[in-house]
Structure formats: C-alpha cells, structure tokens
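Each chain gets a letter, A, B and so on, in the order the sequences are listed, and its residues count up from 1. Hydrogens, waters and symmetry mates play no part in the numbers below; they use all other heavy atoms, side chains included.
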Number of protein chains: 2
Amino acid sequence: MQRAALELFLANGYDATPTAAVARAAGVSEMTLFRHFASKEALLLDDPYDPQIAEAVAGRPAEERPMRAVVEGIRAAWRDVDPDDAAHLRTRLRIVAEAATLRGALERNSEATVAALTDALITRGVAASAARVAATAVIAGLSTALLDWARSDRDDLGAVLGRALDTLGGG
Amino acid sequence: MQRAALELFLANGYDATPTAAVARAAGVSEMTLFRHFASKEALLLDDPYDPQIAEAVAGRPAEERPMRAVVEGIRAAWRDVDPDDAAHLRTRLRIVAEAATLRGALERNSEATVAALTDALITRGVAASAARVAATAVIAGLSTALLDWARSDRDDLGAVLGRALDTLGGG
DNA sequence: CTCGCAATGTTAGTCACTAACGTGCGGGTG
DNA sequence: CACCCGCACGTTAGTGACTAACATTGCGAG
C-alpha cells in the first residue's frame, strides 16, 4: 500500500489524494488501509527512526551537556546510513514539504525518537524536564534541516545535517 | 466564542467537544465560528506570540552564536510578561496537554514566531538554513517546557522557563 | 473435513471543514 | 424618509479522514 500511496502522492500531491484513491490503487478497502496504518500521514512517515541513536547518545562522555550529547550522538549514529535510504527519504520529504496539511508532521511522527533520546539522557543523569526539552529541540531542528535539504537539491545530505548539528550544538 | 470554547474544553475535554457544541454555546452557527477562527485549534491558541521577541534577538551582541542569541533574546523579552496572562496561559496549556490530537499544536501555531526569529537571526548575518534550524529548535524546546509546566503545578513559570533556556543554550 | 481464528469487507456514522447561495440589518445617499 | 449597498450571518449540502458494528472469507490445525 505504501508503494501505491507514494506514487499517487507524487503524481497528484498529498492533499489532493483521498485515502479512498490509495485504497483502490492498492486493491483493498479503505477500512483495511486504516487497519494497517494509523493515519494517512503514516503512509508517508511510518519508518521508525532508529532507536540506535539512543545508544550513541547514552555512550557520550559524561561531562557533555545535554544538547551537545544529543547532537554528537546523532552525528555518530548517522554514519551507518545507507545512501539508498537517503534517496528514498528525499522523495518522501519532498511530498511532505509541499503539503500544507503536513506542517509539523515530521516532529509529530518522531515522538518515539524523542522518547528514546529523552530516556538516554535521563540515564546519563540529566533531569527529566531538561532531557525532554533538549531531545525535542534537536529533533525539531533536525526536521527543518531535512525539509530544507529536500526542497533545494543542492547539497548532499551529510553536509546539510552536519551544519544543522553544528548550529544546534551551539557552534 | 473563545470564552464558551474554553469552558466546554475544560469541562469535557478538547477532543470530546465538537465544534457544533461550541457554536451552540456561543449562540452562533457553526459556519460563523469557522469564519472567525481558521480551525478548532485556533479557538485555543489564537494569541500571537510576541514579535517583540525578534527585536530582543536582533539586539544581542554580534559575537553570540545563533542558539545562544535566540535563547538570551527570549529570556530578555520574557521579563515584560503579565502574571495574569501566565495564569490564563496555564489553563489553556492544560487543555492542550490532555488532548491527544493537539500534539505539536503549539509548534504549529508558533510558525509566525519562528519566522520572526529566523528573520532576526538572518539580519545578524546568520545563514538562512542555520537560522531556521535554531529558531525552530528553540521554540520546540520551549513548547515542551511550557507543557511540562502546565501539567505539574509545582514551579513558577519563570524558573521553569529559565532552566529550559539554560538547557537549550548549551548550559 | 471442519472448526476456529485472523484478515478483510460492508455499511453507516461522526466530525472538522468548505462552497454556494440566500437573508436580514444598519447606515450613508438621494 | 425611502432606497440601496454591503457586510455579517444563516442554511444546505457536500467532502474527506477516520471509527464502530457486524458479516464474510480464507486458511491452517486438529
């Protein structure tokens, strides 16, 4: 179904594609579609952003302040990413960037990642409130950087991401 | 209408209150309600977060890095806030915190603030992409801090905010 | 072969939001 | 004072995402 959805979203745009059309294209009923995906958004954004990021954060030097620990953890975790995935990611982000109703969809969708990061920080001894703040902020900043990258096809993803992380870390 | 909406949201919860009920309570038709407020969310979140924050950011010392400039700008702008507004803010944030469908509503609603902050950073000579990243991240972090504050009635707002800003600034 | 379960379909509904169009009312102009 | 213009509001009907209740089908285990 995701494949059918992507094709339709690319061809007609996200907002102009009713879930009924996706269901029909995938050869299932609308009900079944919603049994597999919690929402229309999930058709685009369903892939679990690695909880392995959390490990990388937990393993950072103890003296690092929360923002920097998260930033450097993500930077480290990023090195194991398949370039094929990046290309796929880009087409999906393009769809997100062009759909008015998807503002904030990335952030909403990465609640799991935020939770994992928050826990990782807490086990490092960071206060719960500060942990949540730092995790949310970094993910939000990262999301906008990814969207910018998807819109302009100039830079390669690694460089864009690196600069965003520099900014977030206070650089 | 906002007053009627707030009362109903408090009594029954946001998700369980149809816009039809709000309209009826306010003595208008549903159509009229949507002519005054762009969405159901707007009934809760319609107040424009100060663009005067932008000034404070623009006025920060030139050598400060983007994250710190935003954080310190907000800290400075915060000093002029009426405690009555804070109390009102709290009840509204409580409603937001309890409504599942309002995840990310604060961030979405403060797009104007993010844009103002981004512009302020750009006039300071920060690259556009970095500016957007920093502004988004700080607002997102701040939003989660505000929500945490609204949920637990322990601290006073100033202290919570101060700690969140410390975290975001790399402290 | 059949029983049981799981995945899928059908139907009907709710809720946010919109488009098209009609109506009343107050205020300036003749 | 009569008229008309425009604006705010109402009504009706619809779209689109999502859900609940219930029927149905397919398929492996006994």
Figure out the [atom1]/[atom2] separation between [X] and [N], and round it to whole Å.
X	N	atom1	atom2	result
B:L33	D:dT11	CG	C1'	16 Å
B:L102	C:dA16	CG	C1'	13 Å
B:F37	D:dC9	CZ	P	11 Å
B:L44	C:dA16	CG	P	13 Å
B:D15	D:dC18	CG	P	13 Å
B:M1	D:dA8	CE	C1'	10 Å
B:R24	D:dC9	CZ	C1'	18 Å

Sub-3.5 Å pairs of nitrogen or oxygen atoms, protein against nucleotides 18-23 of chain C:
none

Practice task
Considering just the side-chain nitrogens and oxygens of B:H36, establish if one lies under 4.0 Å of OP1 or OP2 belonging to D:dA8.
Solution key: no
Practice task
Would you confirm whether B:R124, through its side chain, and B:R60, through its main-chain N or O, come within 3.5 Å as a donor-acceptor pair?
Solution key: yes
Practice task
Could you check B:Q2 against B:D46 for side chain to side chain contact (heavy atoms under 4.5 Å, CB included), going step by step and ending with a plain yes or no?
Solution key: CA-CA 9 Å; B:Q2 264 176 327; B:D46 217 21; 3.6 Å; yes
Exercise for the section: Taking only Lys NZ, Arg NE, NH1 and NH2, and the carboxylate oxygens of Asp or Glu, determine whether A:E98 and A:R94 approach each other closer than 4.0 Å. Expected result: no
Exercise for the section: With side chain to side chain contact (heavy atoms under 4.5 Å, CB included) as the test, would you mind laying out the steps for B:R75 and B:V71 before giving the verdict? Expected result: CA-CA 6 Å; B:R75 204 193 299 275; B:V71 161; 4.0 Å; yes
Exercise for the section: Would you indicate what B:T17 reaches in the nucleic acid, counting non-hydrogen atoms under 4.0 angstrom: base, sugar-phosphate, or nothing? Expected result: sugar-phosphate
Problem - Atom pair CG (A:L102) and CZ (A:F9), whose distance is rounded to the nearest 0.5 Å - result: 8.5 Å
Problem - Minimum-distance nucleotide to B:S29 side chain [options: D:dT11, C:dC15, C:dT8] - result: D:dT11
Practice task
Check the side chains of B:T19 and B:E30 for a donor-acceptor pair under 3.5 angstrom, ignoring hydrogens and angles.
Solution key: yes
